[in-house]
Chemist: 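Input: one structure, supplied below.
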Amino acid sequence: MSKSVVPAPAADFVVPAPPTVSLAVVGSDARFPVRRVYCVGRNYVAHAQEMGFSGREPPFFFLKPADAVVPAPADKPITIDYPPLTKDLHHEIELVVAIGEGGRQIRAADAMRHVYGYAIGLDMTRRDLQADMKKQGRPWCIGKAFDQSAPVGAIVPAKDAGDIAHARIALAVNGKQRQHSDISQLIWSIGEVVEHLSNAWTLAPGDLIMTGTPEGVAAVVPGDRLVGTVDGLPSIDVRIR
């Protein structure tokens, strides 16, 4: 090292720095660090209809904090707590896209080279709180961005995930199917979602995109077991405590 180059001193914080949230990667000992979690609202036609909307409306987005992510290993179940303030906690099974190369104003045709891999996620929602905020015309972060609101499974690199654009997606609660669809039924495709997002924010390695949920969302209670599947990806097994 040149004598003129002085290494930066180690950071000294006034409070303990938060740990980096990370996800397992199938076939690797290295992990995927989570920077931001973007979520796409109403991105399946049937779910949009069950929520009172229809048609190909422009995509809209909301965010969850990185520390809302609960890593779900591929080989064992995890447990999350039933959150406070709600009496109507809903499940939403989603395909999660992990960004490996950042950028701005990415064209849909170029989006796949920015994708590192895919995982299964649950967008847990305090539906009663979300609905109340909607009625008042207020932000509904309290309904979406709470602690442990985003269990996410292990990431499969894109090259190993198969034909993800036509994969089946499903969720069972206590062994009974609640949600079932196909990724091809997305209103806005993965590439289009990346394009729209990157026009509003600069995407960066470590970003996750929860791409929307199919129809069949419903309430869960303590003691319920949720098992989510997407063809080609490790399933996610979540217990509610």
Side-chain angles (χ1 to χ4, degrees), residues 16-39 62-98 117-130 140-156 168-180 206-214 216-241:
T20 299
V21 178
S22 65
L23 298 171
V25 176
V26 174
S28 174
D29 292 331
R31 296 180 67 84
F32 184 90
V34 179
R35 189 185 83 112
R36 293 180 182 170
V37 183
Y38 297 98
C39 304
F62 58 93
L63 285 84
K64 291 176 181 274
D67 63 2
V69 172
V70 183
D75 57 348
K76 62 180 180 181
I78 62 167
T79 299
I80 63 172
D81 296 317
Y82 193 93
L85 303 180
T86 186
K87 295 182 179 179
D88 195 22
L89 179 67
H90 280 209
H91 58 73
E92 297 189 8
I93 183 72
E94 312 210 2
L95 173 70
V96 179
V97 176
Y118 304 97
I120 301 173
L122 286 170
D123 169 16
M124 303 305 294
T125 302
R126 295 192 282 204
R127 190 72 72 200
D128 46 357
L129 302 185
Q130 181 192 31
W140 29 274
C141 301
I142 195 170
K144 287 287 192 178
F146 53 93
D147 298 341
Q148 302 182 18
S149 61
V152 179
I155 295 173
V156 174
R168 292 172 296 177
I169 181 171
L171 179 78
V173 177
N174 301 326
K176 296 183 179 179
Q177 185 172 283
R178 289 267 190 96
Q179 294 185 262
H180 182 266
D207 287 342
L208 299 178
I209 305 171
M210 303 188 79
T211 56
T213 195
V217 300
V220 291
V221 297
D224 282 347
R225 178 187 180 190
L226 290 65
V227 177
T229 56
V230 172
D231 289 346
L233 306 181
S235 61
I236 187 172
D237 188 340
V238 178
R239 317 294 172 90
I240 309 294
R241 177 169 52 201

Chemist: If you count heavy atoms of other groups shown closer than 6.0 angstrom to CZ of Arg239, is the number above 12?
Modeler: yes

Chemist: Measuring from Arg178:CZ to His90:NE2, what's the distance to the nearest 0.5 Å?
Modeler: 9.0 Å

Chemist: How far does CG of Leu63 sit from CZ of Arg36, to the nearest 0.5 angstrom?
Modeler: 7.5 Å

Chemist: Flag the pair Leu233 / Leu95 as yes when at least one side-chain heavy-atom distance between them is below 4.5 Å, and no otherwise.
Modeler: yes

Chemist: Which pair of non-hydrogen atoms, one from Ile78 and one from Pro73, has the smallest distance, and what is that distance?
Modeler: CG2-CD, 3.7 Å

Chemist: How long is the gap from CH2 on Trp140 to OG1 on Thr125, to the nearest 0.5 Å?
Modeler: 8.5 Å

Chemist: Which atom names give the shortest non-hydrogen contact between Ile120 and Ile93, and what distance separates them?
Modeler: CG2-CD1, 3.4 Å

Chemist: Are any non-hydrogen side-chain atoms of Leu122 and Val238 less than 4.5 angstrom apart?
Modeler: yes

Chemist: Check whether any side-chain heavy atom of Lys64 lies under 4.5 Å from a side-chain heavy atom of Asp123, and answer yes or no.
Modeler: yes

Chemist: Which atoms form the tightest heavy-atom contact between Asp81 and Arg241, and what is the distance?
Modeler: OD1-NE, 2.7 Å

Chemist: Restricting to non-hydrogen atoms, name the atom on Val34 and the atom on Val37 that form the minimum distance, rounded to 0.1 Å.
Modeler: CG1-CG2, 4.0 Å

Chemist: With no hydrogens and no angle check, is any side-chain donor or acceptor of Ser149 less than 3.5 Å from a backbone partner on Met124?
Modeler: no

Chemist: Could you tell me whether the side chain of Val97 reaches within less than 4.5 Å of the side chain of Tyr118, counting heavy atoms only?
Modeler: yes

Chemist: Donor-acceptor check, side chain of Asp231 to backbone of Arg168, threshold 3.5 angstrom: yes or no?
Modeler: yes

Chemist: Please check if the number of heavy atoms outside Asp147 that lie under 6.0 Å from its CG is greater than 12.
Modeler: no

Chemist: Does some side-chain heavy atom of Ile80 sit less than 4.5 Å from a side-chain heavy atom of Ile240?
Modeler: yes

Chemist: For the atom pair CG (Leu89) and CZ (Arg126), what is the distance rounded to the nearest 0.5 Å?
Modeler: 9.0 Å

Chemist: Do Asp67 and Pro18 have side chains that get closer than 4.5 Å, going by heavy atoms?
Modeler: no

Chemist: Looking only at heavy atoms, what is the nearest atom pair of Val26 and Ala154, with distance?
Modeler: CG2-CB, 4.0 Å

Chemist: Looking only at non-hydrogen atoms, find the nearest pair between Pro234 and Val156 and report the distance.
Modeler: CD-CG2, 3.4 Å

Chemist: To the closest 0.5 Å, what do you measure between CG (Leu171) and OG1 (Thr229)?
Modeler: 8.0 Å

Chemist: With the side chain counted from C-beta on, respond yes when Lys76 and Asp237 share a heavy-atom pair under 4.5 Å apart, and no when they do not.
Modeler: no

Chemist: Roughly how far apart are Leu226 CG and His91 NE2, rounded to 0.5 Å?
Modeler: 6.5 Å

Chemist: Can you confirm whether Arg31 sits close enough to Pro71 that some side-chain heavy atom of one is under 4.5 Å from a side-chain heavy atom of the other?
Modeler: yes

Chemist: Start with the C-alpha distance between Ile142 and Leu85, add both sets of side-chain angles, then the distance that settles side-chain contact (heavy atoms from CB on, under 4.5 Å), and finish with yes or no.
Modeler: CA-CA 10 Å; Ile142 195 170; Leu85 303 180; 4.3 Å; yes

